[in-house]
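Just below is one structure, and these are the notes that go with it.
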Amino acid sequence: MSTLNKEEQLAVIKGQIKSYPDFPKKGVLFRDVFSVLQNPPIFQLLTDVLIETAKAIQPSVEVIAAVDSRGFLFGPLISLALKIPFVPIRKKGKLPGEVMSHSYTKEYGEDTLQVQVGSISKNSRVLVVDDLIATGGSLKGAVELIKKIGAKPVACLIVIELEDLKGREGVTCDVISLLKY
Ligand SMILES: O=P(O)(O)OC[C@H]1O[C@H](OP(=O)(O)OP(=O)(O)O)[C@H](O)[C@@H]1O
Ligand SMILES: Nc1ncnc2[nH]cnc12
């Protein structure tokens, strides 16, 4: 794998992603990132590419935040490699203590995200991680929450981008995606 250039590495990862028409609703083509995790060498390759990409972000990031739940597959791995804290942004009702909330619309429904007040130091530079951007509702919600608690979203790092849905347009920081559909 290591002899492949970046473009070839991304092509190998993309080749592992399975797509399911009409899931979870008619008209949605579901891109299943879990299919990558079923192949350890390709999961390792994806993890390495994410870590390398996160390390190159300028200004350097101080905290990794990831979106419940598929963002949790990758966010902690990146935080360990960069030796910086990991903070979860969870769906409503899952986090104890004082939280801030943001409701939003996504490709196949509505939801509310929450973050614990005090989980990220004020003015910290944050990288937001998720598996996929569709309409951008979830990512936009996560970015707004990070701002609400006084931290600074520097960029979002996403595995899969559904470009036709133009989700990145609503997100108020840089969006870096590895695989475009
Ligand atoms: O750009 P959007 O239209 O907001 O859609 C993208 C979001 O949808 C999926 O999460 P989902 O809410 O289905 O939860 P899950 O990760 O727990 O499956 C995906 O993991 C993203 O977080
Ligand atoms: N098309 C899609 N595939 C996988 N996850 C999604 N989340 C929102 N839209 C999605």
Side-chain angles (χ1 to χ4, degrees), residues 10-11 13-39 42-43 46-47 49-50 53-54 61 63-79 86-96 99-116 119-120 126-149 151 153-181:
L10 293 177
I13 298 163
K14 198 171 190 180
Q16 184 66 23
I17 291 179
K18 289 188 188 156
S19 302
Y20 295 86
D22 297 325
F23 181 86
K25 277 185 174 173
K26 198 163 175 49
V28 174
L29 180 57
F30 191 85
R31 306 287 187 180
D32 185 16
V33 81
F34 279 106
S35 44
V36 174
L37 278 63
Q38 287 162 15
N39 183 316
I42 300 182
F43 183 24
L46 172 57
T47 304
V49 173
L50 285 167
T53 307
V61 293
V63 175
I64 302 293
V67 184
D68 187 354
S69 63
R70 284 176 258 157
F72 298 169
L73 301 171
F74 308 108
L77 298 175
I78 299 169
S79 86
F86 172 77
V87 171
I89 298 182
R90 295 219 63 185
K91 301 277 168 62
K92 190 178 173 178
K94 303 284 184 183
L95 286 173
V99 295
M100 280 199 175
S101 307
H102 187 93
S103 298
Y104 60 97
T105 306
K106 58 186 178 180
E107 191 182 16
Y108 42 71
E110 289 178 6
D111 231 318
T112 300
L113 285 175
Q114 296 183 324
V115 67
Q116 281 171 319
S119 60
I120 305 179
V126 182
L127 175 63
V128 185
V129 173
D130 205 354
D131 70 314
L132 181 143
I133 178 168
T135 64
S138 310
L139 210 53
K140 195 175 164 204
V143 165
E144 294 311 315
L145 273 182
I146 288 163
K147 286 188 191 168
K148 266 192 204 174
I149 62 167
V154 170
C156 300
L157 177 54
I158 309 298
V159 179
I160 300 167
E161 178 173 6
L162 307 184
E163 288 187 304
D164 290 354
L165 295 174
K166 301 187 190 309
R168 64 166 60 230
E169 290 179 6
V171 182
T172 56
C173 67
D174 194 18
V175 177
I176 304 163
S177 66
L178 302 182
L179 311 175
K180 330 263 184 202
Y181 287 88

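Side chains are part of it too, since the values below use all heavy atoms of this structure and drop only hydrogens, waters and symmetry mates. Since we're looking at a predicted model, the values are computed, not measured. Atoms within a ligand are numbered from 1 in the order they appear, just like the ligands themselves.
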Under 4.0 angstrom from ligand 1, any heavy atom of Lys140?
no
Donor-acceptor contact present, side-chain Arg90 to main-chain Leu95, <3.5 Å
no
Rounded to the nearest 0.5 Å, what separates atom CD1 in Ile42 from atom CG in Leu37?
11.0 Å
For atom NZ of Lys180, is the number of surrounding heavy atoms from other residues, nucleotides or ligands below 6.0 Å larger than 12?
yes
Backbone N/O of Ser101 and side chain of Lys148: donor-acceptor pair under 3.5 Å
yes
Of the listed options Ser138, Gly71, Ala66, Gly136, closest to atom 1 (O) of ligand 1 (non-hydrogen atoms):
Gly136
How close do Leu145 and Met100 get, counting heavy atoms only, and between which atoms?
CD2-O, 3.4 Å
Could you tell me, atom by atom, which parts of ligand 1 come under 4.0 Å of a heavy atom of Asp68?
16 (O)
Among Leu165, Asp130, Val28, Val67, which one puts a heavy atom closest to atom 22 (O) of ligand 1?
Asp130
Looking only at distance, does Leu29 have an N or O less than 3.5 Å from an N or O of ligand 2?
yes
Do the side chains of Thr105 and Thr135 get nearer than 4.5 Å, heavy atoms only?
no
In the protein, what heavy atom is nearest to atom 10 (O) of ligand 1, and what distance, to one decimal place, separates them?
Arg70 NH2, 3.6 Å
Does the Ser35 side chain pair with the main chain of Lys18, one donor and one acceptor, at a distance under 3.5 Å?
yes
Side chain, backbone, both or neither: which applies to Arg70 and ligand 2 if a contact is any heavy-atom pair less than 4.0 Å apart?
side chain
I want to know if ligand 2 touches Asp131 in the polar sense, i.e. an N/O pair below 3.5 angstrom.
no
Quick one: pull up SG in Cys156 and CD1 in Ile133 and give me the separation to the nearest 0.5 Å.
7.0 Å
Within a distance under 4.0 Å of any heavy atom of Ala134, pick out the atoms of ligand 2 and give their elements.
8 (C), 9 (N)
Hey, does Asp111 come in under 3.5 Å of ligand 1, counting only N/O atoms on both sides?
no
Look only at the side chain of Asp68 and the backbone of Ile89, and say whether a donor-acceptor pair between them is shorter than 3.5 Å.
no
Is ligand 2 less than 4.0 angstrom away from at least one heavy atom of Tyr108?
yes
Counting only heavy atoms closer than 4.0 Å, does ligand 2 sit against the backbone of Leu162, its side chain, both, or neither?
side chain
State whether the shortest distance between N or O atoms of Tyr104 and N or O atoms of ligand 1 falls below 3.5 angstrom.
no
Please state whether the rings of Phe72 and Phe86 are parallel, tilted or perpendicular, taking 30° and 60° as the class boundaries.
perpendicular
Identity and separation of the nearest protein heavy atom to atom 20 (O) of ligand 1:
Asp131 OD1, 2.5 Å
Closest protein heavy atom (residue, atom, distance) for atom 17 (O) of ligand 1
Ser69 OG, 2.7 Å
Return the CD1 to CG distance between Ile13 and Leu46, rounded to the nearest 0.5 Å.
4.5 Å
By number and element, which atoms of ligand 2 are closer than 4.0 Å to a non-hydrogen atom of Val28?
1 (N)
Any side-chain heavy-atom pair from Lys91 and Leu113 closer than 4.5 angstrom?
yes
So which protein heavy atom does atom 3 (O) of ligand 1 come closest to, and at what separation?
Thr135 OG1, 2.6 Å
Where is the nearest protein heavy atom to atom 12 (O) of ligand 1: which residue, which atom, and how far?
Lys106 NZ, 2.5 Å
Atoms of ligand 1 under 4.0 Å from any heavy atom of Glu107, numbered from 1 in the order shown, are 3 (O)
Once rounded to the nearest 0.5 Å, what's the spacing between atom CD of Glu161 and atom CD1 of Ile176?
11.5 Å
Atom 6 (C) of ligand 1 [closest protein heavy-atom partner, distance rounded to 0.1 Å]:
Leu132 O, 3.6 Å
Does some side-chain heavy atom of Val87 sit less than 4.5 Å from a side-chain heavy atom of Val126?
no
Hey, which atoms in ligand 2 end up nearer than 4.0 Å to a heavy atom of Leu132?
3 (N), 4 (C), 5 (N), 6 (C), 7 (N), 8 (C), 9 (N), 10 (C)
Return the residue, atom name and 0.1 Å-rounded distance of the protein heavy atom closest to atom 2 (C) of ligand 2.
Glu107 OE1, 3.6 Å
When you measure from the heavy atoms of Lys106 to every atom of ligand 2, does any distance fall below 4.0 Å?
no
May I ask you to identify the nearest protein heavy atom to atom 3 (N) of ligand 2, giving residue, atom name and distance to one decimal place in Å?
Arg31 N, 2.9 Å
Do Phe34 and Phe43 come within less than 4.5 Å of each other through their side chains, counting heavy atoms only?
no
Looking at ligand 1, does Tyr108 have a heavy atom less than 4.0 Å from it?
yes
Which residue holds the protein heavy atom closest to atom 14 (O) of ligand 1, what is that atom called, and what is the gap in Å?
Lys91 NZ, 3.0 Å
